[in-house]
Each structure stands twice: as structure tokens, then as C-alpha cells.
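What follows is a set of notes on a single structure, which appears directly below.
Quick caveat: nothing in here was measured; it's all calculated off a predicted structure. This chain uses plain numbering: 1 for the first residue, then up along the sequence.
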Amino acid sequence: MSAMPLPEGDWIRGITIKQPYAASILTGAKTIENRPRPWRTGWVLLHAGRQIDRPALRLPLVARTIRGRQLVAGAVVGIARITGCHQDPDDAPLCSPWAHPGSWHLELADVQELPLPIPVRGQLGPWKPDPDLLGQVFQQLPSFHP
């Protein structure tokens, strides 16, 4: 029985996230990603950027979440689905302990970690993965169906 073919076209993007936040998403604890502009909903490759936010490692929320995890950098480490994008009203409490005031909050779901990270360069803003990269990612996730 062969795997179902992936759709053609512009159905998935890449998102580059600094560590330790990429690792926090992979644990399932961080379901909000902060961005300066809104993003569309849909599937994204989770790319751990080459830089590590060292001060974030001392935040209790982060330290508890990533305890014992390796901080892979410069690689695609998983996939996720953006299910919504919002900003919290100025006078309202933040939607998550991970949310930053004034940022657009990408709501993440269906996170799947890759067994083997795939080294690749990311970039700021949404980026389009090439077919070879997608092939490598989905070879590791044979049961994935968008």
C-alpha cells in the first residue's frame, strides 16, 4: 500500500523560529508563536533558526518546558498547522503565557516532530520549501495527510 501523494502548489510554508522556542513548540506546550505581522492559516515546516535566544533559556516557563531536550539549530525539526491568527485587545489578558503583547499570535496545532532534523537555511517571514526538502520531511512522516 503506497502513501497518498502530497498536494501540488502553494499549500505549505516554512517558518523559522529561534531556539528554545522551536523546542517548546515541539513539546506541545507552546501553542502560540509571536509574529510582527499576521500569517495565513495552513501547514508550516518548523525550522529551528541558527541563533539561540540565550536569555530565554533562563525564563522559568521555557526552562521547565525544554528540560532534557536538545536544542537543534539550523534545521527543519517538525511540522505544524496554523489554525488561526489574532491579536489580543489592549485591555484584555494575553491568550497564553507564551503570548507577547502587541504581537500577532499564530495558533499552532497538529505539531509533529521529525525523527531526524533536516539541516537547511531558513529566512525571515514565510518561505516556500523546495520539493526536495518536502520529500525529505514527508519521508519521515509517512502517515501525514494534509
Side-chain angles (χ1 to χ4, degrees), residues 3-4 6-7 9-88 90 92-146:
M4 186 187 302
L6 295 172
D10 192 23
W11 66 277
I12 190 166
R13 290 285 181 192
I15 184 171
T16 299
I17 302 166
K18 283 184 181 180
Q19 288 289 24
Y21 298 110
S24 298
I25 290 168
L26 293 175
T27 69
K30 184 178 190 294
T31 59
I32 294 293
E33 172 59 18
N34 300 286
R35 293 290 149 153
R37 288 183 273 302
W39 281 47
R40 69 178 192 202
T41 58
W43 288 98
V44 289
L45 299 183
L46 297 173
H47 176 264
R50 291 192 286 181
Q51 294 181 346
I52 295 176
D53 183 346
R54 300 247 177 244
L57 295 171
R58 292 187 293 276
L59 298 172
L61 178 63
V62 172
R64 281 190 310 269
T65 302
I66 65 164
R67 182 181 323 187
R69 282 190 154 266
Q70 181 181 357
L71 297 181
V72 174
V76 171
V77 294
I79 63 168
R81 191 166 50 94
I82 299 173
T83 58
C85 181
H86 70 275
Q87 280 187 309
D88 292 332
D90 290 334
L94 293 174
C95 64
S96 162
W98 298 96
H100 295 171
S103 292
W104 285 90
H105 302 153
L106 309 183
E107 302 163 17
L108 303 175
D110 303 321
V111 175
Q112 297 178 55
E113 186 171 5
L114 293 181
L116 299 170
I118 302 168
V120 66
R121 287 182 62 118
Q123 66 185 50
L124 294 176
W127 49 274
K128 188 172 181 177
D130 66 42
D132 181 56
L133 175 58
L134 289 177
Q136 291 178 60
V137 168
F138 294 114
Q139 183 178 23
Q140 294 188 49
L141 301 172
S143 63
F144 174 80
H145 298 291

Determine whether [X] and [Y] make a side-chain contact, defined as any pair of heavy atoms from C-beta on separated by less than 4.5 Å.
X: Leu134; Y: Lys128; value: no
X: Pro101; Y: Asp88; value: no
X: Ile66; Y: Leu57; value: yes
X: Gln136; Y: Val76; value: no

What heavy-atom pair brings [X] and [Y] nearest, and what distance separates the two atoms?
X: Leu45; Y: Pro129; result: CD1-CB, 3.6 Å
X: Pro20; Y: Asp53; result: CD-O, 3.7 Å
X: His47; Y: Val120; result: NE2-O, 2.7 Å
X: Leu133; Y: Asp130; result: N-OD1, 2.7 Å
X: Pro38; Y: Cys85; result: CA-SG, 3.6 Å
X: Ile25; Y: Val111; result: O-CG1, 3.7 Å

Sub-3.5 Å donor-acceptor pair from the side chain of [X] to the main-chain atoms of [Y], do we have one?
X: Thr16; Y: Gln123; answer: yes
X: Trp98; Y: Tyr21; answer: no
X: Glu33; Y: Leu108; answer: no
X: His105; Y: Thr31; answer: no
X: Asp110; Y: Arg81; answer: no
X: Gln51; Y: Lys18; answer: no
X: Gln19; Y: Gly49; answer: no

Worksheet item: Just wondering, more than 12 heavy atoms not from Arg67 lying within 6.0 Å of its CZ?
Response: no

Worksheet item: Parallel, tilted or perpendicular: which fits the ring planes of Phe144 and Trp43, with parallel below 30° and perpendicular above 60°?
Response: perpendicular

